[in-house]
Amino acid sequence: MAHGERTTDLMPGAVDLRQVVDTTALCPLDRLALRRNLDVERRDGFGPPDKLVPVGLYARYSSNKQKEMSIERQVKVVTAYMRKLGYAIYVLYDDPARSARSMRDRESLQRLLEDCRSGKIKVIMVEDFDRWSRETYDAVEVCEQLNELGVEFHSAGDFKALNKKEVIEAALKAEADRDRRTLIMGMGRFQHAAQGGAHSGAFFGYRYGEERGFLVRHPEEEKTIFSIFEMAAAGISYRSIGRIMKERGVAGPTKDCRWTKSTVANVLGQLAYTGRWYYPFTLNTFDRKSGKVAVQRRHPSEMTRNYFDHLRIVPDDLFFAVNEKRRPRGSRSSSTATSWPERRRATAPGSKASGSPWVVDS
């Protein structure tokens with residue numbers, strides 16, 4: 001379909017701007033107050049839309065923390081640009097709460113590309129390029145496909161159609177902007193963690209205090225955690241501990257907690273209960289080919305370590321006694337066999353007395 005060709009059959013979901021009330025039209029009061037401005041010659045080039053080629057209007061915002069109003073704002077910006085060029089018809093393809101990192105996981109974008117391949121869409125418009133992609137590799141690959149199909153790609157923010165060179169430049173700029181934001185957010189999270197903040201949210205044993213983003217101990221859950229550690233130190237199996245928790249009707253880490261063996265093991269392995277907070281534990285790496293994020297554990301040297309005594313739930317020697325028994329297979333075991341009651345008598349709970357083999361230096 002040529003760009004100047006008229007069509008009377010609208011695609012499903014298409015919006016005809018000729019039928020949309022222009023909210024920018026001036027009322028009599030506005031015209032009176034702005035009568036001198038009305039004498040100025042228009043420079044925006046607006047005219048009655050007469051190009052009936054459907055435009056694929058793509059809109060996106062990246063997270064659930066943003067609002068649907070973001071889509072409405074993008075549509076408003078792009079339709080104003082459409083009017084300037086004389087385009088009258090658009091079909092909205094929106095991907096709310098979707099990251100620009102990968103194109104594969106965005107259903108509406110994939111549907112738009114499929115409509116381009118079938119010849120239904122010959123013009124794509126976005127508010128700004130970063131709504132389309134922030135990955136140079138993906139952006140260039142798709143740009144070449146659109147060029148082969150004869151599809152124009154417009155950025156309303158740049159007020160023009162972008163060629164391949166401009167797409168590469170826009171993609172590099174969007175990718176650099178994403179990396180800069182990631183760096184700033186990462187620095188903020190490190191500072192937050194260094195002050196005892198929990199940016200990932202509250203977890204079992206803690207709740208948010210009066211200061212936003214900072215945790216305090218949860219009295220009831222604290223008792224449950226300490227009880228689990230004492231039972232494990234006394235030699236009670238994880239499965240038996242879980243059964244005891246269920247019989248007592250104790251609330252667990254999740255709303256539908258079943259107190260399985262794994263649940264107990266996860267509680268016993270939580271180093272934060274000793275007041276030691278390491279951040280970040282994992283490294284996320286994005287694979288462009290698969291479109292998936294690989295999560296890897298970080299080496300302790302790559303993490304920041306902080307100690308907060310007011311967040312301690314379990315004394316060091318108790319934590320050490322329990323976790324000494326659950327060392328990974330193949331690791332060296334301690335040559336000293338001392339029971340938890342003997343260690344507790346040797347070192348007061350929470351103390352850091354020098355010379356005790358059961359107290360981990362913070």
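Because the structure is a prediction, the values reported are computed rather than measured. One is the number of the first residue; the rest follow in order along the sequence. Values reported hereafter were calculated over all heavy atoms of this structure, with side chains retained and with hydrogens, waters and symmetry mates removed.
- At distances below 3.5 Å, at least one donor-acceptor pair connects side-chain atoms of Tyr206 with backbone N or O atoms of Leu311.
- Defined by atom type and a distance below 3.5 Å, a donor-acceptor pair is present between the side-chain atoms of Arg276 and Thr274.
- Minimum heavy-atom separation, Asp94 to Ser108: O-OG, 2.7 Å.
- Donor-acceptor pairing under 3.5 Å is lacking for the side chains of His218 and Glu220.
- A salt bridge is defined here as a Lys NZ or Arg NE, NH1 or NH2 lying under 4.0 Å from an Asp or Glu carboxylate O, and Lys120 with Glu114 fails to meet this definition.
- The two residues Ile89 and Met82 come nearest to each other via the heavy atoms O-CE, 3.5 Å.
- The shortest heavy-atom contact between Cys116 and Leu146 is SG-CD2, 4.2 Å.
- Looking at every heavy atom in both residues, Ile121 comes nearest to Val151 through O-CG2, 3.7 Å.
- Arg312 contributes a side-chain N or O that, together with a main-chain N or O of Val314, makes up a donor-acceptor pair within less than 3.5 Å.
- No continuous path of ILVMFWY side-chain contacts below 4.5 Å connects Val295 to Phe203, so the two sit in separate hydrophobic clusters.
- Tested against Ile228, the residues Val267, Ile244, Ile236 include a single side chain to side chain contact (heavy atoms under 4.5 Å, CB included) partner, Val267.
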For Val126 and Val78, what are the C-alpha separation, side-chain angles and deciding distance, and is it a side-chain contact (heavy atoms from CB on, under 4.5 Å)? CA-CA 6 Å; Val126 295; Val78 176; 5.7 Å; no
Let me see the working for Phe229 and Phe319 under side-chain contact (heavy atoms from CB on, under 4.5 Å), right down to the final yes or no. CA-CA 7 Å; Phe229 269 88; Phe319 186 90; 3.5 Å; yes
Would you please test Ile124 and Trp132 for side-chain contact (heavy atoms from CB on, under 4.5 Å) and show each step? CA-CA 10 Å; Ile124 294 176; Trp132 181 256; 4.0 Å; yes
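- Residues Glu107 and Asp95 come closest through the heavy atom pair N-OD1, 3.6 Å.
- Looking at Asn323, its side chain does come within 3.5 Å of a backbone N or O of Leu268 through a donor-acceptor pair.
- Of the possible polar contacts, one joining the Lys51 side chain to the Leu85 backbone as a donor-acceptor pair under 3.5 Å is found.
- No continuous path of hydrophobic side-chain contacts links Val216 to Tyr307 [ILVMFWY only; heavy atoms under 4.5 Å].
- The minimum heavy-atom distance linking Glu166 with Ala161 is given by the pair OE1-O, 3.5 Å.
- Neither Leu57 nor Val77 shares a network with the other; the hydrophobic side chains, linked directly or stepwise wherever heavy atoms of I, L, V, M, F, W or Y lie under 4.5 Å apart, form separate groups for each.
- At a threshold of 4.5 Å between non-hydrogen side-chain atoms, the residues Val91 and Val15 do not count as touching.
- At a threshold of 4.0 Å, the pair Glu144-Lys164 counts as salt-bridged, since one of the basic side-chain nitrogens sits closer than that to a carboxylate oxygen.
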Passes side-chain contact (heavy atoms from CB on, under 4.5 Å), Phe308 versus Asn306? Steps please. CA-CA 7 Å; Phe308 304 102; Asn306 296 283; 3.5 Å; yes
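- With a 4.5 Å cut-off on side-chain heavy atoms, Glu152 and His154 count as touching.
- Under 3.5 Å, the side chains of Tyr93 and Asp115 contain a donor-acceptor pair of N or O atoms.
- Tested against Tyr58, the residues Arg131, Arg106, Gln74 include a single side chain to side chain donor-acceptor pair (under 3.5 Å) partner, Arg106.
- Using a 3.5 Å distance cut-off with no hydrogens or angles, the side chains of Thr224 and Ser227 do not pair a donor with an acceptor.
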